[in-house]
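Quick note: numbers below take in every heavy atom, side chains included, and nothing from hydrogens, waters or symmetry partners.
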Amino acid sequence: MPGWRRAEPVSGNSGPIFFRLPVTSLATGSSVASIPVNLEVSRKIGVPPDIREMVIPMGATIHMDGSCLSAILKISFLFGLFQMPFHDMEDFLTAILVAILSGMVMSGVPGGGFTGELLIVTLYGFPPEALPILAVLGTVVDPVATMVNSTGDTVAGMLVARFVEGKEWIRKKRENALA
């Protein structure tokens, strides 16, 4: 098609740079520990330094979209497991509150999801036997949530660059790099 051209893949020394961030965040289980790799990925993508150096560290501590999703998954799992109805407005509002708190309280701490799990059991009045179940579920879900958090920070940096630098920010960066 006219006007379309094939984009060159962004790669580093050992394959595509994009794989380093998910692998690092899965291995460390911490958004904060993934900051150096996240900054490198953002640099290779072309996010301006002033934007990436502000958005990535701030996002590692307060932009926890994966943790919010994880909290909702844990709540719905327990309601299904204990065959409790989940249809009151109070249940929905409590779930939203727990998701927001989980997204803001965890602060990139490895294993910080246990605090949110304790909050879920306490607020909904689940029996104490639910806590070990949530701990096992958290062990499976939390590394993936951390990966979503870290990659979401890169995307947030790209979005901020698009708003600050304009619609064609990435094309301009590539043209300047080739010149």
Side-chain angles (χ1 to χ4, degrees), residues 4-75 93 95-117 119-120 138-179:
W4 289 81
R5 64 185 177 116
R6 184 179 173 145
E8 295 298 317
V10 179
S11 60
N13 300 344
S14 59
I17 189 75
F18 299 116
F19 293 123
R20 290 187 196 164
L21 181 58
V23 168
T24 302
S25 59
L26 279 171
T28 61
S30 172
S31 300
V32 174
S34 302
I35 289 175
V37 176
N38 208 340
L39 288 170
E40 178 187 358
V41 168
S42 296
R43 182 183 59 78
K44 295 255 184 181
I45 290 172
V47 177
D50 55 335
I51 294 173
R52 73 174 173 257
E53 290 170 6
M54 174 64 106
V55 172
I56 301 299
M58 190 177 352
T61 57
I62 62 173
H63 179 242
M64 301 286 188
D65 44 356
S67 298
C68 292
L69 294 171
S70 172
I72 297 295
L73 175 77
K74 292 171 186 176
I75 291 169
L93 292 176
I96 291 169
L97 175 71
V98 168
I100 291 171
L101 287 175
S102 294
M104 294 172 66
V105 174
M106 301 314 155
S107 298
V109 177
F114 189 73
T115 305
E117 294 161 0
L119 188 65
I120 291 169
T139 304
V140 175
V141 173
D142 286 348
V144 178
T146 303
M147 183 182 69
V148 171
N149 294 339
S150 295
T151 54
D153 296 340
T154 303
V155 172
M158 293 171 71
L159 286 172
V160 170
R162 192 234 188 251
F163 288 126
V164 172
E165 302 281 326
K167 191 174 184 179
E168 300 291 324
W169 72 273
I170 198 160
R171 186 179 57 80
K172 291 176 190 174
K173 291 289 180 189
R174 290 193 181 196
E175 286 175 359
N176 290 341
L178 294 174

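- When all heavy atoms of S30 and S34 are compared, the closest pair comes out as O-OG, 3.0 Å.
- The line from CG of D65 to OG of S102 is 12.5 Å long, rounded to the nearest 0.5 Å.
- Taking all atoms of both residues into account, the shortest heavy-atom contact from T146 to S25 is CG2-O, 3.8 Å.
- Atom-to-atom distance recorded for D153:CG and R52:CZ is 14.5 Å, nearest 0.5 angstrom.
- In this structure, the separation between CE on M147 and CG on L21 is 9.5 Å, given to the nearest 0.5 Å.
- Nearest approach of W169 to G46, heavy atoms of both residues: CZ3-O, 3.4 Å.
- Applying the side chain to side chain contact (heavy atoms under 4.5 Å, CB included) test to P143 and every residue at least two apart in sequence or in another chain returns L26.
- What you find for V47 and G157 is that their closest heavy atoms are CG1-O, 3.9 Å.
- Between P57 and M54 the shortest heavy-atom distance is CD-O, 3.8 Å.
- Annotation for E117 and G138: closest pair OE2-CA, 3.3 Å, computed over non-hydrogen atoms.
- A distance of 10.5 Å separates OG of S31 from CD1 of I56, quoted to the nearest 0.5 Å.
- A donor-acceptor pair under 3.5 Å links the side-chain atoms of T28 to the main chain of T24, judged by distance alone.
- The side-chain hydrogen bond (donor to acceptor under 3.5 Å, both in side chains) test applied to T154 returns N38, not counting sequence neighbours.
- In this structure, CD1 in I72 is found 8.0 Å from CG in L69, a value given to the nearest 0.5 Å.
- Results of the side-chain contact (heavy atoms from CB on, under 4.5 Å) test with N149 over C68, S67, S70 single out S67 as the only residue that passes.
- For the pair V155 and H63, the minimum side-chain heavy-atom distance is 4.5 Å or more.
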